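Owing to the predicted nature of the structure, the values given are computational and were not obtained by experimental measurement. As the structure lists them, so they are numbered: ligands from 1, and atoms in each ligand from 1. Hydrogens, waters and symmetry mates play no part in the numbers below; they use all other heavy atoms, side chains included.
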Amino acid sequence: AAYQEPYRPQFHFSPKENWMNDPNGLMYENGTYHLFFQQNPTAPVAGNIHWGHATSTDLVHWQQQPTALAPDSLGLIFSGSAVLDAQNTSGLGQPGRPAMVALYTSHSEKKEKLGRQDVENQSLAYSLDHGQTWTKYAQNPVLKNQGSRDFRDPKVNWYAPGKKWLMALSAHDHIEFYSSKNLLAWTKESDFGRTLGGHGGVWECPDLIQVPDEQGKLHDVLIVNMNPGGPNGGSATQYFVGSFDGKTFRATQPGTHWLDYGPDNYAGVTWTNLPAGSPVTLIGWMSNWNYGQQVPTNPWRSAMTVPRTLRLRSAAGQLELASQPIAGLAKLYDQPVTLSNVAVNGRYDLGKQLKTRTGRFRLNFTVPKAQTWSVVLGNDRDERLTIGYDHAKKEYYLDRSKSGNIAFAPADKGFAQVARAPRLATGPTQEITLLVDAASVELFADGGLTCMTGIFFPSEPMTELVALQAESALTLPRVELAGMKSI
Ligand code: FRU
(Lines give C-alpha, C1' and ligand atoms only; values in the text may rest on other atoms or scores of the structure.)
Protein backbone atom coordinates (compact mmCIF):
# COMPACT_ATOMS: atom_id res chain seq x y z
CA ALA A 1 0.00 0.00 0.00
CA ALA A 2 1.08 3.61 -0.51
CA TYR A 3 3.37 4.88 2.27
CA GLN A 4 3.80 1.30 3.62
CA GLU A 5 6.59 0.19 1.29
CA PRO A 6 9.92 -1.02 2.72
CA TYR A 7 12.04 1.99 3.86
CA ARG A 8 9.09 4.38 3.60
CA PRO A 9 9.62 7.18 6.14
CA GLN A 10 6.73 7.35 8.61
CA PHE A 11 7.34 10.74 10.22
CA HIS A 12 9.37 12.51 7.54
CA PHE A 13 7.91 14.01 4.38
CA SER A 14 8.54 11.91 1.28
CA PRO A 15 6.82 12.27 -2.11
CA LYS A 16 4.22 9.68 -3.02
CA GLU A 17 6.29 8.65 -6.02
CA ASN A 18 9.28 9.60 -8.15
CA TRP A 19 12.18 11.90 -7.50
CA MET A 20 12.60 14.70 -4.97
CA ASN A 21 15.58 16.85 -3.99
CA ASP A 22 15.88 20.34 -2.45
CA PRO A 23 13.16 22.00 -0.37
CA ASN A 24 11.96 25.16 -2.15
CA GLY A 25 9.60 28.09 -1.54
CA LEU A 26 9.32 27.47 2.20
CA MET A 27 6.72 29.89 3.44
CA TYR A 28 3.86 30.25 5.90
CA GLU A 29 0.67 31.97 4.86
CA ASN A 30 -2.92 32.08 6.10
CA GLY A 31 -2.56 29.14 8.50
CA THR A 32 -0.63 26.92 6.10
CA TYR A 33 3.03 25.95 5.95
CA HIS A 34 4.16 25.41 2.38
CA LEU A 35 6.90 23.03 1.34
CA PHE A 36 7.70 23.11 -2.36
CA PHE A 37 10.43 20.82 -3.57
CA GLN A 38 12.55 19.88 -6.57
CA GLN A 39 10.50 17.16 -8.22
CA ASN A 40 10.72 14.95 -11.27
CA PRO A 41 7.08 13.90 -11.62
CA THR A 42 7.88 11.28 -14.26
CA ALA A 43 10.91 9.31 -12.97
CA PRO A 44 12.68 8.38 -9.71
CA VAL A 45 15.89 10.15 -10.74
CA ALA A 46 16.89 13.80 -11.18
CA GLY A 47 15.86 15.50 -14.45
CA ASN A 48 12.69 17.09 -15.84
CA ILE A 49 12.66 19.23 -12.72
CA HIS A 50 9.39 20.84 -11.57
CA TRP A 51 8.35 22.35 -8.24
CA GLY A 52 6.34 19.76 -6.31
CA HIS A 53 4.20 20.97 -3.42
CA ALA A 54 3.10 19.84 0.04
CA THR A 55 1.19 21.67 2.77
CA SER A 56 0.85 21.37 6.52
CA THR A 57 -0.93 23.16 9.34
CA ASP A 58 1.63 22.10 11.98
CA LEU A 59 4.95 21.34 10.18
CA VAL A 60 4.45 17.71 11.30
CA HIS A 61 1.69 16.26 9.11
CA TRP A 62 2.02 16.87 5.36
CA GLN A 63 -0.35 16.56 2.44
CA GLN A 64 1.13 16.37 -1.04
CA GLN A 65 -0.51 18.80 -3.47
CA PRO A 66 -0.56 19.00 -7.27
CA THR A 67 2.72 19.96 -8.89
CA ALA A 68 3.07 23.74 -8.70
CA LEU A 69 5.50 24.80 -11.46
CA ALA A 70 6.36 23.00 -14.70
CA PRO A 71 9.26 23.61 -17.11
CA ASP A 72 8.73 26.12 -19.94
CA SER A 73 10.70 27.62 -22.84
CA LEU A 74 13.14 29.20 -20.35
CA GLY A 75 13.99 25.83 -18.89
CA LEU A 76 13.61 23.52 -15.91
CA ILE A 77 12.37 24.91 -12.58
CA PHE A 78 15.41 24.80 -10.31
CA SER A 79 15.55 25.76 -6.64
CA GLY A 80 14.28 29.02 -5.17
CA SER A 81 12.16 30.63 -2.51
CA ALA A 82 8.80 32.29 -1.84
CA VAL A 83 7.63 35.37 0.04
CA LEU A 84 4.31 37.00 0.82
CA ASP A 85 4.08 40.39 -0.90
CA ALA A 86 1.75 41.82 1.77
CA GLN A 87 2.31 45.47 0.70
CA ASN A 88 1.81 44.60 -2.98
CA THR A 89 5.23 46.03 -3.89
CA SER A 90 5.11 43.99 -7.10
CA GLY A 91 1.67 45.19 -8.16
CA LEU A 92 0.83 41.53 -8.84
CA GLY A 93 -1.65 41.31 -5.96
CA GLN A 94 -5.31 42.29 -6.04
CA PRO A 95 -7.41 44.03 -3.39
CA GLY A 96 -7.80 41.49 -0.55
CA ARG A 97 -5.66 38.99 -2.44
CA PRO A 98 -1.97 39.51 -1.66
CA ALA A 99 0.44 37.72 -3.98
CA MET A 100 2.57 34.82 -2.87
CA VAL A 101 5.68 35.38 -4.98
CA ALA A 102 8.14 32.62 -5.89
CA LEU A 103 11.61 33.35 -7.26
CA TYR A 104 13.30 30.36 -8.86
CA THR A 105 16.02 29.50 -11.34
CA SER A 106 15.13 28.78 -14.95
CA HIS A 107 17.74 26.25 -16.07
CA SER A 108 17.94 25.93 -19.87
CA GLU A 109 19.04 22.50 -21.09
CA LYS A 110 18.93 23.89 -24.63
CA LYS A 111 21.59 26.49 -23.81
CA GLU A 112 23.50 23.88 -21.84
CA LYS A 113 23.74 21.65 -24.93
CA LEU A 114 24.98 24.61 -26.98
CA GLY A 115 27.76 25.10 -24.45
CA ARG A 116 26.53 28.57 -23.49
CA GLN A 117 27.30 29.92 -20.08
CA ASP A 118 24.04 31.89 -19.56
CA VAL A 119 22.19 28.65 -18.78
CA GLU A 120 20.70 29.86 -15.49
CA ASN A 121 18.47 32.94 -15.02
CA GLN A 122 16.07 33.93 -12.24
CA SER A 123 12.33 33.88 -12.87
CA LEU A 124 9.18 34.78 -10.94
CA ALA A 125 5.76 33.20 -10.49
CA TYR A 126 2.90 34.29 -8.25
CA SER A 127 -0.23 32.89 -6.70
CA LEU A 128 -3.39 34.74 -5.64
CA ASP A 129 -5.11 31.66 -4.21
CA HIS A 130 -2.87 30.71 -1.26
CA GLY A 131 -0.45 28.72 -3.41
CA GLN A 132 -2.94 26.45 -5.16
CA THR A 133 -2.28 27.77 -8.67
CA TRP A 134 0.66 29.76 -10.00
CA THR A 135 1.07 32.23 -12.85
CA LYS A 136 4.49 32.83 -14.34
CA TYR A 137 5.45 36.48 -14.78
CA ALA A 138 5.14 37.41 -18.46
CA GLN A 139 8.51 39.17 -18.63
CA ASN A 140 10.65 36.39 -17.16
CA PRO A 141 13.51 36.20 -16.44
CA VAL A 142 13.58 38.99 -13.83
CA LEU A 143 17.32 38.64 -13.23
CA LYS A 144 19.52 37.68 -16.16
CA ASN A 145 22.69 35.67 -15.90
CA GLN A 146 25.59 37.93 -14.93
CA GLY A 147 28.39 35.76 -16.29
CA SER A 148 28.59 32.66 -14.08
CA ARG A 149 27.61 29.24 -15.46
CA ASP A 150 26.38 28.38 -11.95
CA PHE A 151 23.97 31.19 -11.09
CA ARG A 152 21.04 29.89 -9.12
CA ASP A 153 18.87 29.22 -6.09
CA PRO A 154 17.53 32.73 -5.24
CA LYS A 155 16.51 33.06 -1.58
CA VAL A 156 14.52 36.22 -0.97
CA ASN A 157 13.76 37.92 2.36
CA TRP A 158 12.34 41.31 3.31
CA TYR A 159 15.12 43.57 4.59
CA ALA A 160 13.20 45.87 6.94
CA PRO A 161 15.93 48.48 7.73
CA GLY A 162 16.31 49.24 4.00
CA LYS A 163 12.63 48.69 3.14
CA LYS A 164 13.67 46.44 0.27
CA TRP A 165 13.72 42.83 -0.81
CA LEU A 166 17.04 41.11 -0.59
CA MET A 167 18.10 38.12 -2.67
CA ALA A 168 21.00 35.79 -1.88
CA LEU A 169 22.10 33.88 -4.98
CA SER A 170 24.81 31.29 -5.49
CA ALA A 171 27.39 31.88 -8.22
CA HIS A 172 29.73 28.86 -8.32
CA ASP A 173 32.28 29.82 -5.65
CA HIS A 174 30.60 32.77 -3.95
CA ILE A 175 27.27 34.30 -2.99
CA GLU A 176 25.89 37.40 -4.71
CA PHE A 177 23.40 39.76 -3.05
CA TYR A 178 20.78 41.68 -5.04
CA SER A 179 18.06 44.02 -3.82
CA SER A 180 14.72 45.15 -5.20
CA LYS A 181 11.84 47.46 -4.29
CA ASN A 182 9.28 45.39 -6.20
CA LEU A 183 10.60 41.83 -6.64
CA LEU A 184 10.72 42.47 -10.41
CA ALA A 185 13.81 44.66 -10.97
CA TRP A 186 16.99 43.61 -9.17
CA THR A 187 20.17 45.59 -8.42
CA LYS A 188 23.50 44.01 -7.52
CA GLU A 189 24.71 44.84 -4.01
CA SER A 190 27.82 42.74 -3.33
CA ASP A 191 29.73 39.45 -3.52
CA PHE A 192 30.69 37.25 -0.59
CA GLY A 193 32.98 34.37 0.17
CA ARG A 194 35.36 33.58 -2.71
CA THR A 195 38.19 32.97 -0.25
CA LEU A 196 36.24 32.08 2.91
CA GLY A 197 34.86 28.81 4.28
CA GLY A 198 34.73 25.46 2.51
CA HIS A 199 35.43 25.41 -1.23
CA GLY A 200 35.58 21.69 -1.97
CA GLY A 201 32.56 22.01 -4.28
CA VAL A 202 30.00 24.30 -5.90
CA TRP A 203 28.17 26.75 -3.63
CA GLU A 204 24.40 26.30 -3.83
CA CYS A 205 21.17 27.22 -2.03
CA PRO A 206 22.16 30.18 0.20
CA ASP A 207 19.99 31.75 2.89
CA LEU A 208 20.68 34.96 4.84
CA ILE A 209 18.86 34.78 8.16
CA GLN A 210 18.80 36.39 11.59
CA VAL A 211 19.33 34.00 14.48
CA PRO A 212 19.22 34.80 18.22
CA ASP A 213 22.08 33.89 20.56
CA GLU A 214 21.57 32.68 24.14
CA GLN A 215 20.99 36.26 25.32
CA GLY A 216 18.39 36.82 22.62
CA LYS A 217 20.62 39.13 20.56
CA LEU A 218 20.11 38.68 16.80
CA HIS A 219 23.06 37.90 14.51
CA ASP A 220 23.18 37.69 10.74
CA VAL A 221 23.97 34.18 9.55
CA LEU A 222 24.58 33.13 5.95
CA ILE A 223 23.79 29.50 5.14
CA VAL A 224 25.70 28.15 2.13
CA ASN A 225 25.12 24.64 0.82
CA MET A 226 28.00 23.01 -1.02
CA ASN A 227 28.40 19.94 -3.22
CA PRO A 228 30.73 18.05 -3.06
CA GLY A 229 33.28 18.76 -0.30
CA GLY A 230 31.19 18.03 2.79
CA PRO A 231 32.98 16.94 6.00
CA ASN A 232 32.02 13.29 5.36
CA GLY A 233 31.96 13.46 1.56
CA GLY A 234 29.54 14.84 -0.99
CA SER A 235 26.82 17.34 -0.14
CA ALA A 236 26.73 19.36 3.09
CA THR A 237 25.64 22.68 4.60
CA GLN A 238 28.07 25.27 5.95
CA TYR A 239 27.27 28.64 7.51
CA PHE A 240 28.92 31.95 8.31
CA VAL A 241 28.11 34.05 11.38
CA GLY A 242 28.65 37.73 10.67
CA SER A 243 26.91 40.99 9.95
CA PHE A 244 25.02 42.36 6.99
CA ASP A 245 24.88 46.16 6.62
CA GLY A 246 22.25 46.37 3.89
CA LYS A 247 24.79 45.91 1.14
CA THR A 248 27.60 43.61 2.22
CA PHE A 249 27.89 40.53 4.40
CA ARG A 250 31.02 40.19 6.52
CA ALA A 251 31.93 36.97 8.33
CA THR A 252 33.12 37.63 11.87
CA GLN A 253 34.38 34.14 12.76
CA PRO A 254 37.20 32.15 11.16
CA GLY A 255 37.06 28.56 9.91
CA THR A 256 34.42 26.41 8.29
CA HIS A 257 31.24 25.73 10.25
CA TRP A 258 28.90 22.85 9.42
CA LEU A 259 25.21 22.77 10.22
CA ASP A 260 25.16 18.95 10.18
CA TYR A 261 28.19 16.67 9.87
CA GLY A 262 26.21 13.63 8.73
CA PRO A 263 26.14 12.60 5.09
CA ASP A 264 22.42 13.18 4.53
CA ASN A 265 21.26 16.71 5.20
CA TYR A 266 21.54 18.99 2.18
CA ALA A 267 20.09 22.13 0.57
CA GLY A 268 18.57 23.22 3.88
CA VAL A 269 16.93 26.65 3.96
CA THR A 270 14.39 28.37 6.24
CA TRP A 271 10.71 29.30 6.18
CA THR A 272 9.69 32.89 5.45
CA ASN A 273 6.74 34.82 6.91
CA LEU A 274 6.43 32.64 10.02
CA PRO A 275 3.93 33.76 12.69
CA ALA A 276 5.43 36.32 15.11
CA GLY A 277 7.46 34.67 17.85
CA SER A 278 8.21 31.51 15.85
CA PRO A 279 11.81 30.28 15.98
CA VAL A 280 13.93 30.19 12.82
CA THR A 281 12.96 26.89 11.18
CA LEU A 282 14.91 24.96 8.55
CA ILE A 283 14.34 21.75 6.62
CA GLY A 284 16.86 19.85 4.48
CA TRP A 285 16.88 17.19 1.79
CA MET A 286 17.78 13.97 3.65
CA SER A 287 20.13 12.60 1.02
CA ASN A 288 23.40 13.22 -0.79
CA TRP A 289 24.21 13.79 -4.46
CA ASN A 290 26.89 11.07 -4.08
CA TYR A 291 24.25 8.30 -4.13
CA GLY A 292 20.79 9.87 -3.80
CA GLN A 293 19.71 8.69 -7.25
CA GLN A 294 20.65 5.08 -6.48
CA VAL A 295 19.03 4.51 -3.08
CA PRO A 296 17.03 1.24 -3.08
CA THR A 297 13.55 2.73 -2.58
CA ASN A 298 10.55 2.37 -4.85
CA PRO A 299 8.36 4.02 -6.18
CA TRP A 300 9.81 7.21 -4.63
CA ARG A 301 13.30 8.52 -3.93
CA SER A 302 14.26 10.79 -1.02
CA ALA A 303 12.74 12.32 2.07
CA MET A 304 13.16 15.59 3.96
CA THR A 305 14.74 15.84 7.42
CA VAL A 306 12.43 16.77 10.26
CA PRO A 307 12.00 20.56 10.43
CA ARG A 308 14.58 22.00 12.84
CA THR A 309 14.73 25.18 14.86
CA LEU A 310 18.00 27.12 14.86
CA ARG A 311 19.70 29.09 17.63
CA LEU A 312 23.22 30.38 18.17
CA ARG A 313 25.12 28.98 21.13
CA SER A 314 28.66 29.69 22.18
CA ALA A 315 31.21 26.89 22.24
CA ALA A 316 34.96 27.40 22.68
CA GLY A 317 34.58 31.14 22.17
CA GLN A 318 32.66 30.91 18.90
CA LEU A 319 29.00 31.20 18.09
CA GLU A 320 27.72 28.01 16.50
CA LEU A 321 24.33 27.13 15.03
CA ALA A 322 22.54 24.59 17.22
CA SER A 323 19.65 22.65 15.65
CA GLN A 324 16.77 20.97 17.45
CA PRO A 325 13.77 19.06 16.12
CA ILE A 326 10.70 21.32 16.13
CA ALA A 327 8.76 21.11 19.41
CA GLY A 328 5.61 20.03 17.57
CA LEU A 329 7.06 16.56 16.93
CA ALA A 330 6.18 15.73 20.54
CA LYS A 331 2.60 15.15 19.42
CA LEU A 332 3.85 12.03 17.59
CA TYR A 333 5.29 10.40 20.72
CA ASP A 334 3.72 6.98 21.15
CA GLN A 335 3.60 5.46 24.65
CA PRO A 336 6.47 7.58 25.99
CA VAL A 337 8.38 6.38 29.03
CA THR A 338 10.80 8.26 31.26
CA LEU A 339 13.41 6.18 33.07
CA SER A 340 15.54 7.39 35.97
CA ASN A 341 19.02 6.35 37.04
CA VAL A 342 19.59 3.91 34.20
CA ALA A 343 22.74 1.89 34.93
CA VAL A 344 24.56 0.89 31.74
CA ASN A 345 26.97 -1.83 32.71
CA GLY A 346 28.33 -2.82 29.34
CA ARG A 347 24.99 -3.03 27.60
CA TYR A 348 21.50 -1.82 28.48
CA ASP A 349 18.54 -3.19 26.50
CA LEU A 350 16.51 -0.14 25.50
CA GLY A 351 14.31 -2.19 23.18
CA LYS A 352 12.65 -3.79 26.20
CA GLN A 353 11.65 -0.36 27.47
CA LEU A 354 10.26 0.72 24.12
CA LYS A 355 6.54 -0.02 24.18
CA THR A 356 6.12 0.05 20.40
CA ARG A 357 7.74 -2.42 18.01
CA THR A 358 7.81 -0.32 14.88
CA GLY A 359 11.53 0.41 14.68
CA ARG A 360 10.94 4.15 14.89
CA PHE A 361 11.46 6.11 18.05
CA ARG A 362 12.76 9.19 19.78
CA LEU A 363 15.45 8.73 22.41
CA ASN A 364 16.74 11.50 24.67
CA PHE A 365 19.27 11.08 27.44
CA THR A 366 21.85 12.98 29.42
CA VAL A 367 25.36 11.75 30.11
CA PRO A 368 26.49 13.52 33.30
CA LYS A 369 30.19 13.43 32.41
CA ALA A 370 31.21 12.97 28.76
CA GLN A 371 32.51 9.47 28.10
CA THR A 372 32.53 6.81 25.39
CA TRP A 373 29.10 5.31 24.62
CA SER A 374 27.05 4.08 21.69
CA VAL A 375 23.49 3.32 20.69
CA VAL A 376 23.10 0.22 18.54
CA LEU A 377 20.14 -0.68 16.32
CA GLY A 378 19.84 -4.10 14.78
CA ASN A 379 17.73 -6.86 13.33
CA ASP A 380 17.94 -10.66 13.36
CA ARG A 381 19.83 -10.62 10.07
CA ASP A 382 22.77 -9.41 12.13
CA GLU A 383 22.64 -5.97 10.52
CA ARG A 384 23.77 -3.13 12.75
CA LEU A 385 23.67 0.63 12.83
CA THR A 386 25.77 2.35 15.47
CA ILE A 387 25.63 5.96 16.60
CA GLY A 388 28.10 6.85 19.27
CA TYR A 389 30.65 9.04 20.92
CA ASP A 390 34.39 8.33 21.15
CA HIS A 391 35.66 10.31 24.10
CA ALA A 392 39.35 9.75 23.30
CA LYS A 393 38.85 11.45 19.92
CA LYS A 394 36.08 13.75 21.15
CA GLU A 395 34.09 12.64 18.12
CA TYR A 396 30.56 11.55 17.45
CA TYR A 397 30.20 8.92 14.74
CA LEU A 398 27.64 7.17 12.60
CA ASP A 399 28.59 3.68 11.43
CA ARG A 400 26.32 2.19 8.77
CA SER A 401 28.97 -0.11 7.28
CA LYS A 402 26.96 -3.21 8.38
CA SER A 403 23.50 -1.65 8.22
CA GLY A 404 22.09 -3.74 5.34
CA ASN A 405 22.18 -2.77 1.70
CA ILE A 406 25.35 -0.71 1.28
CA ALA A 407 26.17 -1.87 -2.25
CA PHE A 408 23.60 0.13 -4.27
CA ALA A 409 26.16 2.86 -4.92
CA PRO A 410 29.80 2.43 -6.02
CA ALA A 411 32.20 2.08 -3.06
CA ASP A 412 33.97 5.33 -3.92
CA LYS A 413 30.73 7.20 -3.21
CA GLY A 414 31.37 6.60 0.46
CA PHE A 415 28.00 5.31 1.63
CA ALA A 416 29.61 2.63 3.83
CA GLN A 417 32.25 4.93 5.34
CA VAL A 418 31.98 5.74 9.03
CA ALA A 419 30.94 9.40 9.32
CA ARG A 420 32.64 11.42 12.07
CA ALA A 421 31.95 14.77 13.70
CA PRO A 422 33.83 16.79 16.30
CA ARG A 423 32.19 17.43 19.64
CA LEU A 424 31.93 21.23 19.65
CA ALA A 425 30.58 21.54 23.20
CA THR A 426 33.19 21.72 25.94
CA GLY A 427 31.05 21.22 29.06
CA PRO A 428 30.99 17.92 30.93
CA THR A 429 27.32 17.09 30.30
CA GLN A 430 26.14 15.59 27.02
CA GLU A 431 22.49 15.96 26.10
CA ILE A 432 21.59 13.61 23.24
CA THR A 433 18.51 13.22 21.06
CA LEU A 434 18.10 10.53 18.41
CA LEU A 435 15.22 10.38 15.94
CA VAL A 436 14.99 7.04 14.19
CA ASP A 437 12.62 6.37 11.28
CA ALA A 438 12.36 3.35 8.97
CA ALA A 439 15.47 4.32 7.03
CA SER A 440 17.06 7.32 8.76
CA VAL A 441 18.64 8.51 11.96
CA GLU A 442 19.09 12.11 13.12
CA LEU A 443 21.49 12.79 15.97
CA PHE A 444 21.25 16.08 17.91
CA ALA A 445 24.19 16.04 20.31
CA ASP A 446 24.89 18.63 23.01
CA GLY A 447 21.61 20.37 22.41
CA GLY A 448 22.17 20.29 18.65
CA LEU A 449 25.67 21.83 18.54
CA THR A 450 26.85 18.70 16.72
CA CYS A 451 24.31 17.08 14.40
CA MET A 452 24.59 14.00 12.23
CA THR A 453 21.92 12.78 9.82
CA GLY A 454 22.19 9.53 7.89
CA ILE A 455 20.00 7.17 5.89
CA PHE A 456 20.27 3.36 5.91
CA PHE A 457 18.61 0.38 4.25
CA PRO A 458 18.41 -2.79 6.38
CA SER A 459 17.01 -5.93 4.75
CA GLU A 460 14.51 -6.12 7.64
CA PRO A 461 13.40 -3.30 9.94
CA MET A 462 15.78 -2.59 12.83
CA THR A 463 13.37 -3.76 15.53
CA GLU A 464 15.30 -6.59 17.17
CA LEU A 465 17.89 -4.70 19.08
CA VAL A 466 18.11 -1.25 20.54
CA ALA A 467 20.88 -1.04 23.07
CA LEU A 468 22.93 1.54 24.87
CA GLN A 469 26.54 0.53 25.39
CA ALA A 470 29.27 2.07 27.51
CA GLU A 471 32.86 1.06 28.19
CA SER A 472 32.90 2.08 31.81
CA ALA A 473 30.08 2.10 34.34
CA LEU A 474 27.63 4.80 33.34
CA THR A 475 24.48 5.91 35.11
CA LEU A 476 22.08 8.03 33.12
CA PRO A 477 19.98 10.22 35.41
CA ARG A 478 17.13 10.39 32.90
CA VAL A 479 16.23 8.57 29.68
CA GLU A 480 13.19 9.49 27.60
CA LEU A 481 12.02 6.95 25.09
CA ALA A 482 8.97 7.04 22.84
CA GLY A 483 7.72 5.37 19.71
CA MET A 484 6.88 7.73 16.85
CA LYS A 485 3.41 7.68 15.30
CA SER A 486 3.08 7.68 11.55
CA ILE A 487 2.12 10.96 9.89
C1 FRU B 1 21.10 21.56 -5.07
C2 FRU B 1 20.80 21.84 -6.54
C3 FRU B 1 20.53 23.30 -6.75
C4 FRU B 1 19.70 23.28 -7.99
C5 FRU B 1 18.88 22.03 -7.81
C6 FRU B 1 18.53 21.32 -9.08
O7 FRU B 1 20.87 20.25 -4.69
O8 FRU B 1 21.88 21.39 -7.34
O9 FRU B 1 21.69 24.09 -6.86
O10 FRU B 1 18.90 24.42 -8.13
O11 FRU B 1 19.63 21.19 -6.97
O12 FRU B 1 17.61 20.29 -8.85
Write none if no such pair exists; otherwise list each N/O atom of ligand 1 with its protein N/O partner under 3.5 Å and the distance.
residue: ligand 1; atom: 7 (O); partner: D22; partner atom: OD1; Å: 2.7
residue: ligand 1; atom: 7 (O); partner: D22; partner atom: OD2; Å: 3.3
residue: ligand 1; atom: 7 (O); partner: W289; partner atom: NE1; Å: 2.8
residue: ligand 1; atom: 8 (O); partner: E204; partner atom: OE1; Å: 3.4
residue: ligand 1; atom: 8 (O); partner: E204; partner atom: OE2; Å: 2.9
residue: ligand 1; atom: 9 (O); partner: R152; partner atom: NE; Å: 2.7
residue: ligand 1; atom: 9 (O); partner: D153; partner atom: OD1; Å: 3.4
residue: ligand 1; atom: 9 (O); partner: D153; partner atom: OD2; Å: 2.6
residue: ligand 1; atom: 9 (O); partner: E204; partner atom: OE2; Å: 3.2
residue: ligand 1; atom: 10 (O); partner: S79; partner atom: N; Å: 3.1
residue: ligand 1; atom: 10 (O); partner: D153; partner atom: OD1; Å: 2.6
residue: ligand 1; atom: 11 (O); partner: N21; partner atom: ND2; Å: 3.3
residue: ligand 1; atom: 11 (O); partner: D22; partner atom: OD2; Å: 3.1
residue: ligand 1; atom: 12 (O); partner: N21; partner atom: ND2; Å: 3.0
residue: ligand 1; atom: 12 (O); partner: Q38; partner atom: OE1; Å: 2.7

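- Taking the salt bridge (charged side-chain N to carboxylate O under 4.0 Å, His left out) definition, one finds that K144 meets it with nothing, sequence neighbours left out.
- Taking the salt bridge (charged side-chain N to carboxylate O under 4.0 Å, His left out) definition, one finds that K188 meets it with E176, D191, sequence neighbours left out.
- The side-chain hydrogen bond (donor to acceptor under 3.5 Å, both in side chains) pairs that include a residue from residues 59-74 are Q39-T67, T55-Q65, D58-H61, D72-K136, where partners are two or more places apart or lie in different chains.
- Ring centers of F249 and F240: at least 6.0 Å apart, outside the cut-off.
- Under the 6.0 Å cut-off for aromatic ring centres, W134 and F36 qualify, their centroids lying closer than that.
- Separation of the Y159 and F244 ring centroids falls under the 6.0 Å cut-off.
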